J.: 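Can you read through this structure? Questions will come right after.
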Amino acid sequence: MSDERVFSASLGTRERLITYAVGYGVGMGVPLILGVSFAIGFSQPLILLFPVPFMVAFGLPYFFRPTGYAVGQEEIFVIRANSRNRIPLESVSAVVNPATDPPGNSVGIARVDGMYGTFGTFRNKAWGRYQIYTTTGLNRVEIRLKNGSRVILSPDDPEAFVAAISKVAANHGITIEGNSV
């Protein structure tokens, strides 16, 4: 779409460390080395299948990770490696920068925390069900929906992201809260 603005979402230092050192190094590298070593040592080629579940478990989040965000005239998109999640502007009540932290303890329903960032659906007593699509713990922007739910994003340039939303906010009755407009 030509009338949308796209914003990048880069991995933070903590998320890069978890993704590359823990996820790829320990989660995939160690089982691969062990599988090959055992296959050679025990002369059993089926042991080569040992690392496959680990590779699936640590590789699957790659396809669901947020890679950026886009703001159009009628919606905000969470750009993911395999698809786009759509947030219609008519369902947004407010945009808060910086985002507030969820109070209390949250339970992840379908989520990833660390590999490629934090993303998925969460739930807690105070907020109910909410979604997070962040690649870093910094630069977090909160989208409050009219149904009471929330979506937390982490564009690399949160001020420009909120400014893009504020250009279309008046048309949809969206309030902008925080230190940027």
Side-chain angles (χ1 to χ4, degrees), residues 1-16 18-19 59-104 106-181:
M1 291 179 203
S2 62
D3 64 339
E4 72 180 24
R5 242 182 105 206
V6 177
F7 299 89
S8 61
S10 303
L11 284 178
T13 305
R14 174 185 169 269
E15 291 78 9
R16 268 192 302 246
I18 292 171
T19 300
L60 198 58
Y62 176 83
F63 298 104
F64 297 97
R65 76 193 193 286
T67 60
Y69 313 98
V71 177
Q73 293 298 315
E74 300 295 324
E75 54 218 348
I76 300 169
F77 291 102
V78 176
I79 303 168
R80 300 172 92 178
N82 68 339
S83 64
R84 284 180 160 211
N85 286 23
R86 181 178 171 266
I87 304 168
L89 287 173
E90 63 192 26
S91 68
V92 176
S93 65
V95 176
V96 181
N97 181 28
T100 55
D101 290 325
S106 295
V107 175
I109 299 169
R111 61 135 175 121
V112 171
D113 191 6
M115 284 280 294
Y116 307 108
T118 299
F119 50 95
T121 302
F122 294 79
R123 183 170 187 75
N124 71 20
K125 280 186 174 184
W127 282 11
R129 185 174 171 248
Y130 64 96
Q131 296 176 321
I132 297 179
Y133 299 102
T134 62
T135 56
T136 180
L138 307 171
N139 307 334
R140 296 174 349 130
V141 175
E142 180 180 338
I143 311 291
R144 291 184 182 163
L145 303 178
K146 291 177 181 170
N147 67 5
S149 184
R150 299 163 192 240
V151 181
I152 299 176
L153 311 174
S154 65
D156 289 343
D157 188 353
E159 287 78 20
F161 179 74
V162 173
I165 295 172
S166 69
K167 288 181 182 177
V168 294
N171 300 339
H172 299 281
I174 300 170
T175 59
I176 307 294
E177 300 175 18
N179 60 8
S180 65
V181 171

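Keep in mind the model is a prediction, meaning the values are calculated, not measured. Side chains are part of it too, since the values below use all heavy atoms of this structure and drop only hydrogens, waters and symmetry mates.
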J.: Check residues 114-123 and write down every donor-acceptor pair under 3.5 Å in which the side-chain atom is one partner and the other belongs to a residue at least two apart or another chain.
T.:
residue	atom	partner	partner atom	Å
Tyr116	OH	Tyr24	OH	2.4
Thr118	OG1	Asp113	OD1	2.8

J.: Assess whether side chain to side chain contact (heavy atoms under 4.5 Å, CB included) is satisfied between Phe161 and Val141, documenting all intermediate values.
T.: CA-CA 9 Å; Phe161 179 74; Val141 175; 4.1 Å; yes

J.: Answer yes when Arg84 and Glu4 have at least one side-chain N-carboxylate O distance shorter than 4.0 Å, and no when they do not.
T.: yes

J.: If you round to the nearest 0.5 Å, how far is CD1 of Ile174 from CD1 of Ile76?
T.: 6.0 Å

J.: Quick one: does Ser91's side chain have a donor or acceptor within less than 3.5 Å of a partner on Leu145's backbone?
T.: no

J.: Indicate yes or no: at least one non-hydrogen side-chain atom of Ser154 is less than 4.5 angstrom from one of Tyr69.
T.: yes

J.: Between Glu75 and Pro88, which heavy-atom pair has the shortest distance, and what is it?
T.: CB-CA, 4.0 Å

J.: Out of curiosity, Ile109 CD1 to Tyr130 OH, how far, rounded to the nearest 0.5 Å?
T.: 9.5 Å

J.: Just verifying a value: how many Å separate Thr136 OG1 and Asp156 CG, rounded to the nearest 0.5 Å?
T.: 8.5 Å

J.: Find the distance between CD1 (Ile143) and CG (Leu153) and round it off to the nearest 0.5 Å.
T.: 5.0 Å

J.: Determine the minimum heavy-atom distance between Ser10 and Thr135, stating which atoms define it.
T.: O-OG1, 2.8 Å

J.: Which is it for Thr100 and Glu142 under the side chain to side chain donor-acceptor pair (under 3.5 Å) test, yes or no, and what are the steps along the way?
T.: CA-CA 7 Å; Thr100 55; Glu142 180 180 338; 2.5 Å; yes

J.: Decide if atom NZ of Lys167 counts as having more than 12 heavy atoms of other residues, nucleotides or ligands within a radius under 6.0 Å.
T.: no

J.: Using a 3.5 Å distance criterion without hydrogens, assess whether the side chain of Arg5 forms a donor-acceptor pair with backbone atoms of Val71.
T.: no

J.: On a heavy-atom basis, which atom in Ala126 and which in Pro103 lie closest, and how many Å separate them?
T.: CB-CG, 3.4 Å

J.: What's the shortest heavy-atom distance between Glu15 and Gly137, and which atoms?
T.: OE2-N, 3.5 Å

J.: Roughly how far, to the nearest 0.5 Å, is OG1 of Thr67 from CG of Asn82?
T.: 9.5 Å

J.: Mind checking side chain to side chain contact (heavy atoms under 4.5 Å, CB included) for Gln73 and listing every partner two or more places apart, or none if nothing turns up?
T.: Asp3, Val168

J.: Closest heavy-atom contact between Ala169 and Ile176?
T.: CB-CD1, 4.3 Å

J.: Quick check: closest heavy atoms across Asn124 and Ser106, and the distance to 0.1 Å?
T.: ND2-OG, 3.2 Å

J.: First locate atom CZ of Phe7, then atom CG of Asp157, and finally report the distance between them rounded to the nearest 0.5 Å.
T.: 7.0 Å

J.: Taking side chain to side chain donor-acceptor pair (under 3.5 Å) as the test, write out the residues that go with Asp101, two or more places apart.
T.: Arg140

